Structure formats: C-alpha cells, structure tokens
Amino acid sequence: MNIQFHINYQTYYGQDLVLNIITGQHNGAVEASQYRMRTADGYHWEVEVKKDAKPGTHIEYFYSILCGDTEQRKEWGVINHRLDFDTERSLNYRVYDHWSDIPDNAYLYTSAITDCVAGKKLLKGKLNNYNKAVTLKVRAPQLGATDELFLVGAESALGAWNVKKALKMVQHNINEWSYTLDATKLVGDQIELKFFVKSNDSNENLVWEYSDNRTLLLPTMDEGDVVVYELTEAAFPLPAIRVAGTLVPVFSLRSETSFGIGDFGDLKKMIDWVSMTNQRALQILPINDTTITHTWTDSYPYSCISIFALHPQYANLTALPALKDKKQSEKFEKLRKELNALPQIDYERVNDAKNEYLHLLFEQEGAKVLESSTFKTFFAETESWLVPYAQYSYMRDKFGTADFSHWPDHKQWDEADRKALSNPKDKAYKEVAFFYYVQFVLSSQLKAVHEYAQAHKIILKGDIPIGVNRYGCDVWTEPRYFNLNGQAGAPPDDFSVNGQNWGFPTYNWDEMIKDGCQWWVNRFQNMAQYFDAYRIDHVLGFFRIWEIPIHSVHGLLGQFAPSLGMSREEIEGYGLHWQEELFTEPFIADWVLDRIFREHADEVRQKYVEHVWGDRYKMRPAYDTQRKVEKAFAGKNSDVDIWLRDGLYALISNVLFVRDHKDPNRFHPRICVQFDFIYESLYDSDKAIFNKLYNDYYYRRNNQFWYQEAMKKLPKLVNATRMLVCAEDLGMVPDCVAWVMNELRILSLEIQSMPKDPKVRFGHLSENPYRSVSTISTHDMATLRQWWDEDWERAQDYFNSMLHRGGPAPHPLPGWLARDIVSRHLTSPSLLCILGIQDWMSIDEELRLADPNAERINVPSNPKHYWRYRMHVSIEDLMKNKAFNEQMTDLIYQAGR
C-alpha cells in the first residue's frame, strides 16, 4: 500500500519537514519512524510511504521541523493525526493534513473534559468495499456525550441539504469525527458541505457550525484510491463548559469506617457526595509518601520522599482481607473507633497503627499477593522507581534515620543492587517485599478511585509539589538532578514577612534539560494513572526558584535562581557608589543594636558581635550565620531567648545586596530591604537610586530570560499527558508567567482577595479569564470565615465595594452572606470554580464548625505546622443533610455550572 502525505507549512532555508509515524512508547517517550518530506517551494510538502497495513487497522503520526538533525519544533502532539484503513479495496492513500499547533480550546482535548465531564466514547468505523473513496475528518471538541455530528451537502450522496438524509459521522479519535464516502457516487470535482450537531436523535434545535459552507476540490482518482481530507476544526455556538467542585485533602476526610484519617475508600464516598450535589470536580492535596521520621513532622504533604510512592496512611483497610487473628482484629477495631472519634488527626498513632496492621496483613496475605499476575504486572511497570524506594525505606527504618549520608555502604543508590532486590528468591527481595506490597495495594486502590470518578463524570484533580525532601529517595537515587547547597522557598509575601524556607533542595535544571526533563515527564505520566487534572504547585519555580543559602533560616537572604545578577559596574551605572563590604556584610551600628535589642543591646555587644571601628560591629564567627544562631538557641524557649534569636536573625540579614550563589562578582538587591536598617541609613538620593535599580531588577530585568527558561521545561511537561493543567501562580509574579501560561493554555488561579492587578484591593470576579480556576481560599490561607474576621476594615471595604451593600459589615460572617459570596464566585467566567469544603460549609450556620479557627489547614509562616485538620462531619452524614445539599445544588444550577 502506498500512502502519500501532503501538508502546507512555511519553512525557512535549512529547515526540513519530517513525518513521524508512531511505532510505540519506551519509558514514557514516543518512538517513531521518521520520513523526510520533499518540497519545491518551501511551503507545499509531501512524502510517499509504503506500508503493509491491513484493513481495519490504523496508524498515528505527527509532523516536526528539523534543521540538520536537530528538532526545532514539532506539532502539539497531545492529539496525533490518525489514519484509518477502513476501505478493503484500497491500494493508494492520499492524505491532506493541517499542521496542528496547540489550540485555544486545548482544555477540551484533556481527559478531564473528554473522559469525565463529557464522557465521550470512541467508536470504530465499519469497513467498506468502495472502489474509490473520500474520507473526511474534522475535529469538533465542543460536543458533549449525547451530541452527534452530522455531515450534509449539496450532492445527493451528501443528503442534498436535507437534514433527514444527513450522514452521521463516527468519532474515531479524541474529539475527531470521520466519514468515508463512496467517491463513485460523487458528481464533478467539487463538493460543498457543512456540519451540524444534534442531540438524542432529535431533529429539533439543530446547531449548525459557525461558518460558511465548506468547499472541497477533488483530485482525479483511479480505482483503489482513497483521498483523506483533514478539515479545519468545526466551531459551534454552544455554551462554554463551566464546572463546580470541592477541594479537600484526603487526610481531612471523615467517614464511619475511617481509621482516624481519610483514606482512598473515603475518597470514593466523597465522589458520591460531589456527584450528588451536581459538582463535577474533586481536588485533593499531594498524597505522596512523606515518611522521614515517623513523627508528626512528616504530616507536611508537600515534602515527599518519592514523586511516585503513595503514602501508606491512605490505605483503605476495609477493602483488604480481614485479619484472621480475632484478638488482633478486635484490638484494631477498638483503636480505630477511638482514633476516628478524635476532632483532629493524631498523625503518629494513626500511622503506627496502620503500619502495624499492614505488616500483620502482609504476613497473612503477602506471599499470595506477590505471586499474583496483577502484582507481577504492577512490578514490571513500576520497577524503575519501586525497587530503589523499597530499599530506601528499608534502610531508613533499619538505621533509624532518613539522612542517607549516615548509612554505612549505602550513601547513594547502587544500580547493581537492583537484580537481587528484584529476585523473589533473594534475601534482599524478602527484606523489602513489604514495601512492594503496600505500594501495590495503594496504587490498586487509587486506580479504582480514578475509574470510579470517571464513571461518575467527576474530574479527580491532583497536586504536584514543586519540591522534594532533601533526605528523600529521589535525591538518594538521582542526586545529579539536585543542588544540595541551596534551599527552595518563597520571597516575603502576605503569608510571611521573612519569606518561606521550605528546606527542599533546588533543581539542577541544566542536568534535567540534558535528557529532556525525563524525571518530570515520568512524574506527570505516573500521575495520569490516577488523575484527569492537576495543580502545579508554585509554577513560578519553573521560571525561577527562590534559592536560600544552606546557612540561612529565613528567606530574606535568598535570590532567584536562575537570574541575571548585577555587576559592580552596572550598579554604579545607576549612580550608586559601590561599597562592597558595606553593602554585602550585615550593617551593624550602635543605633541598630539599640533599636533591635533595647535593654539587651549591651548583652548582644558583649556576646554576639565584636567591635570593628567607630560605632560599627560585625558578627562573631560563632554566630555569623542564622543556622549557627539557631543551633546556639536550640532548646531555649523563653520569650527573651526567642526574641534575642529572632533579633540576631534580623541582624544577619541586614544587607543591601546578596552575592550571587554561582558568580561571586555578581550581586542581587536584597528582597524587601526597604524595611531594614541598612536602607534607612542611606541618603535620600541613594534611596531613590536604589529603588529604581530594585524595581528594574525584580520586575523588568529578567522577564525575557525567565520566559526562555520556562519554555525549556514546561512545554514538555504540559504535553506529556492529557490531564487538564492548572497552576498556582500567586506571589511575586513576573510578567512572563502570564505569557507562558497563555501560550501553553495553562489555567491560572484567581483569588479575589489576592488580585493580579496591583492597583486594586480586590479582584473583579467578572474579569476572571475563562482559562482559570476561581476560588475563595487555598489550603495555605485563612478560610472565608477566618478572613472575614481577621481585618474588620478590609471586610467592611469588601462588603461595600464588592458586595455593594450599605451599613456595617456583620461579624462573625453570617451564613446568608457567605452564601452570597459563594454564589458570586460560582457565577464568574472561570472554567473551574473549586471551593474548599470549609467555605462550602460556611453557608450553613447549623452545619459549619462553631470555631472557624479550627478549620485552618496550614499556616505557611510556620514551617513546622501540624497538618491535622479533619472534617467535623462524616461523609455519610453530609450526604444525609438534605437542606445543605439542596442549597449547594441550587447555587450551582443558578450559576449555570
């Protein structure tokens, strides 16, 4: 069989167009046979391929641009071209394609829409025995599950414009419909046609495509010829999809069968409630394993030890075989009821109990499970990460520390160990088999939840943390991908005046880009097994991360990495006379000590600093970094000690510039230094110069550079799966972030109380972009009820200016007013409106918690926050609450979601 491929694409000298016919996948990467195309004018390209293809089969392919042997760009690739061989007598195919760039409506091609909201099913077209055939293909992504696409045209073979004789097309690819015509019944060399949509086989209210009639010129055809036209996308005046949903961490779920913490069984029950209230999305926080110390400090869900492994605390024990030991079974049931009755999670007792239970169950069932074909399939699919993770977990528990630098002979993963760890007969395998078993259980349960969500037309939305724990398995296994001399965090914001220090190592992007960001691609593709949408935590980290020196506790001495540091000459070019020691070392003068330490100033002079000249001092070597100060004050918890420690922290960060982490001859203006003493000491003229330099540096200098950095990474990740991509784009956001997110069709996060426009206090919900997620608060923020009472003046302004109500704002927030705020968010243009479970409950004064402060999930200014919030009502009781559920359903219906 001969196949001629034709495509129009304007190239430039030195560029070649290449046809890539997909042959398979290996390690998540697409494998394809390449065919260089030919052209006479740099615009019309063609190539002929001989293929031994049987009727009823198909091929998928895409086009790319090469310059020499280097790929410069390729098509969107999330949805490939598809050619069906559906004509039994065909000998020659001529295919006329269009280049496929990422469309504006890319979200309609995601599994969140096609597999969940719309629930579309692909069908296989029937074989035909036409002597000559014309196949028409068109993408129509707006169609819903009950919509059908029809073709009608001027010729009698196309129905002669009679809609009752229109031809029903078949959806053969994601959002793409096809129909094959008998070319012998077509008259002339031109056909005129148009598409329309009808639902449920009704000839009433047909929706015609929003365009003029389409006209096609047919080539001369011989017997055995098939001509395939890939037409431009059909657009219909159909309403845009808008979805309502709930955000709740899995650990916060409560059901009658929970073991003191939410689990994957509870997640299924939550899907039932979401579906019952006409929502279509359920968002959770990260669920990766975070076990470092086996204490409550592991409760931080954004500090994963593996980007693949799931947390054992989420195992649904009720879905597993019962313990045969009656005494043990009764003991655990008694403990389960006790832990489940607690208002908050007891992280340590819950995890100790579940770990013990899973060990007993492994002893009872493990051998049988590990022999099963389903486990062997799982092991083959996950071996690349599962084996190192299991050995890491075993070593962590054996040596009593996750700090692998303290493990004898195992300071880094050794690939030579894989063979023994993968052989069921080897002692090494038996030592780690428990961890294989637990991950198999967790993965099986979460896949079942995902399938359950899709069956109920619910988008399950996950969360990808920006960082990993510096003592985690990923760093132990592939240290080349990480910079361990830095700490990731965030610059100062509304959450923390000193910035946030997450403690994660920063990424060695140079090393990651060498292999096409495969570590990230694998991570995203693994998530696609469980989710149809995801939130990229701190998307700014793909442009630049706030990198804090390893010797710092706070984030003020950080700098954006990568970023273009300033030379001495550049700084002086602004008119600021460069004084390196004065600008880069802590500015410590008598008046500074008196201001910070007041009655303890002399104590600080004698113990923590040493005199240099005049009224100037420097830190003593024993206290010249924040980590040294932290160690010196460890265990000292009096108010005075904490006050002294924090004052010394402030003293150390009192610098005008920080030195670049890579190039000692480049410098960065210290973030928020305008609030510090060294800035206060400057002449007014120098302050004005510094402010200009500061604003240029943080808001203009790096924009193009950061755009290019993000475009090296994000396109590969966004196109790695068909999940709907949402991003947390809050904080100190440079202009280039919006450019990239718009270019890649990533949904932004819109919070009315944190507007993107710096000139307004509150965002206007009606101005939310359609490609966005609207919400009231995130897990890092105060809930709606807390926010309302935190600042009465701000609440009053919101009450008058946003809600357009007169008089004093009521406190605490009444249910009727919360309902109004929720309603306004639901009516915003945003594609997704996802509200925290606490904010949903705020509308019902009988249902919500009496104490709004007990609803807080996290306080980001506290790096040691205990993540233990649980819903105060069970999912079963929530489903029985008819009045509340009707309120929600009514609000969603009125908003047109």
Side-chain angles (χ1 to χ4, degrees), residues 297 403 405 470 484-487 489 491-492 496-503 546-559 579-661 664 667-682 690 859 861-865:
T297 58
D403 185 349
S405 66
R470 67 175 51 246
L484 295 175
N485 59 349
Q487 307 169 94
S496 178
V497 295
N498 291 315
Q500 298 175 47
N501 185 347
W502 304 325
W546 189 246
E547 189 173 64
I548 304 163
I550 199 70
H551 56 70
S552 290
V553 174
H554 290 161
L556 292 175
L557 291 175
Q559 60 190 248
Q579 302 174 68
E580 188 158 322
E581 185 175 338
L582 175 65
F583 288 167
T584 62
E585 297 296 326
F587 176 74
I588 308 173
D590 277 321
W591 66 271
V592 173
L593 295 174
D594 291 336
R595 287 262 294 276
I596 295 178
F597 299 102
R598 298 195 293 271
E599 67 270 20
H600 294 276
D602 286 339
E603 178 186 346
V604 171
R605 289 184 181 94
Q606 294 168 15
K607 186 173 182 179
Y608 300 106
V609 300
E610 57 186 47
H611 186 255
V612 180
W613 54 267
D615 71 338
R616 300 294 299 278
Y617 301 81
K618 67 177 182 178
M619 300 299 298
R620 292 184 185 272
Y623 307 103
D624 60 2
T625 71
Q626 291 182 343
R627 288 294 176 199
K628 289 179 181 179
V629 171
E630 180 185 50
K631 185 176 181 180
F633 281 83
K636 299 178 180 179
N637 298 314
S638 72
D639 291 344
V640 172
D641 284 326
I642 293 172
W643 181 62
L644 280 172
R645 182 202 65 191
D646 291 349
L648 293 172
Y649 287 165
L651 210 56
I652 291 167
S653 62
N654 186 28
V655 298
L656 199 64
F657 289 87
V658 294
R659 200 179 296 272
D660 188 85
H661 295 165
F667 305 88
H668 308 262
R670 207 215 76 189
I671 192 79
C672 294
V673 73
Q674 289 90 340
F675 301 104
D676 226 326
F677 299 104
I678 189 166
Y679 177 83
E680 185 180 339
S681 71
L682 298 176
F690 180 82
V859 180
S861 60
N862 177 10
K864 298 294 184 183
H865 180 78

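Numbers for residues simply follow the sequence, beginning at 1. Because the structure is predicted, anything quoted here is derived from the model rather than measured.
For Q626, the side-chain hydrogen bond (donor to acceptor under 3.5 Å, both in side chains) test picks out no residue, with sequence neighbours left out. Listed by chain and residue number, Q487 satisfy the side-chain hydrogen bond (donor to acceptor under 3.5 Å, both in side chains) test with N501 (two or more places apart in sequence, or in another chain). When the salt bridge (Lys or Arg N to Asp or Glu O under 4.0 Å) test is applied to R470, no partner is found at least two apart in sequence or on another chain. Legend: residues meeting side-chain contact (heavy atoms from CB on, under 4.5 Å) with K607, ordered by chain and number and at least two apart, are Y623. Under the rule for a side-chain hydrogen bond (donor to acceptor under 3.5 Å, both in side chains), E610 has no partner lying at least two apart in sequence or in another chain. Scored by the side-chain contact (heavy atoms from CB on, under 4.5 Å) test, Q579 finds H577, L582, F583 as partners (sequence neighbours excluded). Taking T625 as the reference, nothing meets the side-chain hydrogen bond (donor to acceptor under 3.5 Å, both in side chains) condition, with sequence neighbours excluded. Judged as a salt bridge (Lys or Arg N to Asp or Glu O under 4.0 Å), and not counting sequence neighbours, D660 has no contacts.
A salt bridge is defined here as a Lys NZ or Arg NE, NH1 or NH2 lying under 4.0 Å from an Asp or Glu carboxylate O, and R659 with E580 meets this definition.
Rounding to the nearest 0.5 Å gives a distance of 12.0 Å between CZ of F657 and CZ of R670. How far CH2 of W546 is from CH2 of W502: 11.5 Å, rounded to the nearest 0.5 Å.
Nearest heavy atoms, S496 versus Q500: CB-CG, 4.0 Å. Minimum heavy-atom separation, D615 to H611: N-NE2, 4.5 Å.
Every pair passing salt bridge (Lys or Arg N to Asp or Glu O under 4.0 Å) that includes a residue from residues 622-632 is listed here, sequence neighbours excluded: D624-K628, R627-E630.
With hydrogens and angles left out, the side-chain atoms of D403 and S405 include a donor and acceptor closer than 3.5 Å.
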List the atom pairs, with distances to 0.1 Å, where a side-chain N or O of residues 638-651 and a protein N or O form a donor-acceptor pair under 3.5 Å, not counting sequence neighbours.
{"residue": "S638", "atom": "OG", "partner": "D641", "partner atom": "N", "Å": "3.1"}
{"residue": "S638", "atom": "OG", "partner": "D641", "partner atom": "OD2", "Å": "2.9"}

Could you list the donor-acceptor pairs under 3.5 angstrom formed by side chains in residues 587-602, with sequence neighbours left out?
{"residue": "D590", "atom": "OD1", "partner": "R605", "partner atom": "NE", "Å": "2.9"}
{"residue": "D590", "atom": "OD1", "partner": "R605", "partner atom": "NH2", "Å": "3.2"}
{"residue": "D590", "atom": "OD1", "partner": "Y617", "partner atom": "OH", "Å": "2.8"}
{"residue": "D594", "atom": "OD1", "partner": "R605", "partner atom": "NH2", "Å": "2.9"}
{"residue": "R595", "atom": "NH1", "partner": "E680", "partner atom": "OE2", "Å": "3.2"}
{"residue": "R595", "atom": "NH2", "partner": "E680", "partner atom": "OE1", "Å": "3.0"}
{"residue": "R595", "atom": "NH2", "partner": "E680", "partner atom": "OE2", "Å": "3.4"}
{"residue": "H600", "atom": "ND1", "partner": "E603", "partner atom": "OE1", "Å": "3.2"}
{"residue": "D602", "atom": "OD1", "partner": "R605", "partner atom": "NH1", "Å": "2.7"}

Side-chain donor-acceptor pairs under 3.5 Å in residues 548-557, sequence neighbours left out?
none

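Side chains of E547 and H661 form a contact here, defined as non-hydrogen atoms less than 4.5 Å apart.
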